[in-house]
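Below you'll find the structure, written out as structure tokens, and then a few comments.
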Amino acid sequence: MDYGNIMKVDTSGASEQTAAQDKLPYDGPPASHTLAKTDLGRVNNYKRIIQKVGAQKRMDPAIIAAIISRESRGGNGLKDGWGDHGNAWGLMQVDKRYHTPRGGSESEDHLSQATGILIDLIRLIKNKFPSWTAEQQLKGGIAAYNIGPDRVKSYEAMDVFTTAKDYSGDVVARAQWYKRNGF
């Protein structure tokens, strides 16, 4: 893939707050892995289109799967396709305040749009931090998917402004789990 190797990205995994979604008594990568495993059955429902969009966009399907797991719990957290109090659409939660959502909430068109947004953000982070490795830029792009590129200030503190202060760390750990489990 063109955006770094997800298996080489360092990660602190899920925070206590994120782990508490499923009442897990532990946090970190093990919690992220458990959350990803919990969502696997639902995420597998979209595996064909995840892999198709991943191939078209040259994005690791495990990253797409991980964002679906984090953003909508594999669709389980959506109400009529919407999440985030009606502000974000679909499995990957495209925010209507910043984008015009495309396609059905579980459609290839939606996954293609959301993955394109992620890629644009990785490129913005690459331009903002040209000295970072491809893996650092990938992680920065994942953080930017949650908070926008302007709020990614440094590698060490990239999750300071993200939801539960763990977004990129949690998504990376979930993606690593999905990569080891068929994506």
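Here, residue 1 is the first one in the sequence, and each next residue gets the next number.
- Glu106 places no side-chain N or O within 3.5 Å of a backbone atom of Gly90 that could act as its donor or acceptor partner.
- Counting non-hydrogen atoms of neighbouring residues, nucleotides and ligands closer than 6.0 angstrom, the NZ atom of Lys126 reaches no more than 12 such neighbours.
- In this structure, Ile63 CD1 and Ile68 CD1 are separated by 12.0 Å, a value rounded to the nearest 0.5 Å.
- At least one side-chain heavy atom of Ile117 sits less than 4.5 Å from a side-chain heavy atom of His99.
- Between the Ser112 side chain and the Asp109 main chain, no donor and acceptor come within less than 3.5 Å of each other.
- Taking CD1 of Ile67 as the start and OG of Ser72 as the end, the distance is 11.0 Å to the nearest 0.5 Å.
- Within the 3.5 Å criterion, the main-chain N or O of Pro30 finds a donor-acceptor partner in the side chain of Thr34.
- Of all the heavy atoms in Ser154 and Ala157, the pair that sits closest is OG-N, 3.2 Å.
- Taking 4.5 Å as the limit, some side-chain heavy atom of Leu111 sits within range of a side-chain heavy atom of Ile50.
- Glu16 and Asp27 make their closest contact through CG-OD2, 3.3 Å (heavy atoms, listed as atom of the first residue, atom of the second, distance).
- At distances below 3.5 Å, not a single donor-acceptor pair connects side-chain atoms of Ser69 with backbone N or O atoms of Ala65.
- Linking ILVMFWY side-chain heavy atoms closer than 4.5 Å, directly or via other members, places Val94 and Trp82 in two distinct hydrophobic clusters.
- The distance from atom CZ of Arg58 to atom CG of Asp2, rounded to the nearest 0.5 Å, is 4.0 Å.
- Taking 4.5 Å as the limit, some side-chain heavy atom of Tyr155 sits within range of a side-chain heavy atom of Trp132.
- Checking Lys57, Lys52, Arg102 one by one against Glu108, the salt bridge (Lys or Arg N to Asp or Glu O under 4.0 Å) holds for a single residue, Lys52.
- Gln113 contributes a side-chain N or O that, together with a main-chain N or O of Thr100, makes up a donor-acceptor pair within less than 3.5 Å.
- The shortest side-chain heavy-atom distance between Ile6 and Tyr178 does not fall under the 4.5 Å cut-off.
- Ser12 approaches Pro29 most closely through the heavy-atom pair O-CD, 3.3 Å.
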| task | Kindly indicate, with the supporting measurements, whether the criterion side chain to side chain contact (heavy atoms under 4.5 Å, CB included) is fulfilled by Met7 and Arg180. | result | CA-CA 9 Å; Met7 299 308 284; Arg180 287 190 293 269; 3.3 Å; yes

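- At distances below 3.5 Å, not a single donor-acceptor pair connects side-chain atoms of Asp22 with backbone N or O atoms of Leu24.
- Side chains of Thr162 and Asn146: a donor-acceptor N/O pair is absent below 3.5 angstrom, by distance only.
- For the residue pair Gln93 and Tyr145, no side-chain donor N or O sits within less than 3.5 Å of a side-chain acceptor on the partner.
- Between Asp84 and Lys79, none of the side-chain N atoms (NZ, or NE/NH1/NH2) sits under 4.0 Å from a carboxylate O, so this pair counts as no salt bridge.
- The CZ atom of Phe161 lies 7.5 Å from the CD1 atom of Ile147; values are rounded to the nearest 0.5 Å.
- Between atom CG of residue Asp170 and atom CG of residue Asp159 there is a gap of 9.0 Å, rounded to the nearest 0.5 Å.
- Checked by atom type and distance alone, the side chain of Lys128 pairs as donor or acceptor with a backbone atom of Val152 at under 3.5 Å.
- Between Met59 and Val53, every side-chain heavy-atom pair lies at or beyond the 4.5 Å cut-off.
- Judged purely by distance below 3.5 Å, without hydrogens or angles, the side chains of Thr18 and Asp166 pair a donor atom with an acceptor atom.
- Taking 4.5 Å as the limit, some side-chain heavy atom of Tyr46 sits within range of a side-chain heavy atom of Leu91.
- Trp89 and Met92 fall into different hydrophobic clusters, where Ile, Leu, Val, Met, Phe, Trp and Tyr side chains are chained together by heavy-atom contacts under 4.5 Å.
- When only modelled atom types and interatomic distance are considered, Gln21 and Arg73 share a side-chain donor-acceptor pair under 3.5 Å.
- For the pair Lys139/Ser168, a side-chain contact is recorded, criterion being any heavy-atom separation below 4.5 Å from C-beta on.
- In terms of heavy-atom proximity, Ala164 sits nearest to Ser15 at O-OG, 3.3 Å.
- Between the side chain of Gln51 and the main chain of Arg48, no donor-acceptor pair closer than 3.5 Å is present.
- No donor-acceptor contact under 3.5 angstrom links the side chains of Arg174 and Ser32, judged on distance only.
- Across all their heavy atoms, Trp177 and His33 have their closest contact at CD1-CB, 3.5 Å.
- Heavy atoms only, all atoms of each residue included: Leu124 and Pro149 are closest at CD1-CG, 3.9 Å.
- Taking OG1 of Thr38 as the reference point, atom CG of Asn76 lies at 10.5 Å (rounded to 0.5 Å).
- When hydrophobic clusters are built by joining Ile, Leu, Val, Met, Phe, Trp and Tyr residues whose side-chain heavy atoms come closer than 4.5 Å, directly or via intermediates, Ile49 is grouped together with Leu118.
- In this structure, Glu135 and Tyr3 have side chains that are not in contact, with every pair of non-hydrogen atoms separated by 4.5 Å or more.
- Hydrophobic clustering (side-chain heavy atoms under 4.5 Å, transitive across Ile, Leu, Val, Met, Phe, Trp, Tyr) keeps Val172 apart from Leu35.
- Using modelled atom types, no side-chain atom of His110 and backbone atom of Pro101 make a donor-acceptor pair closer than 3.5 Å.
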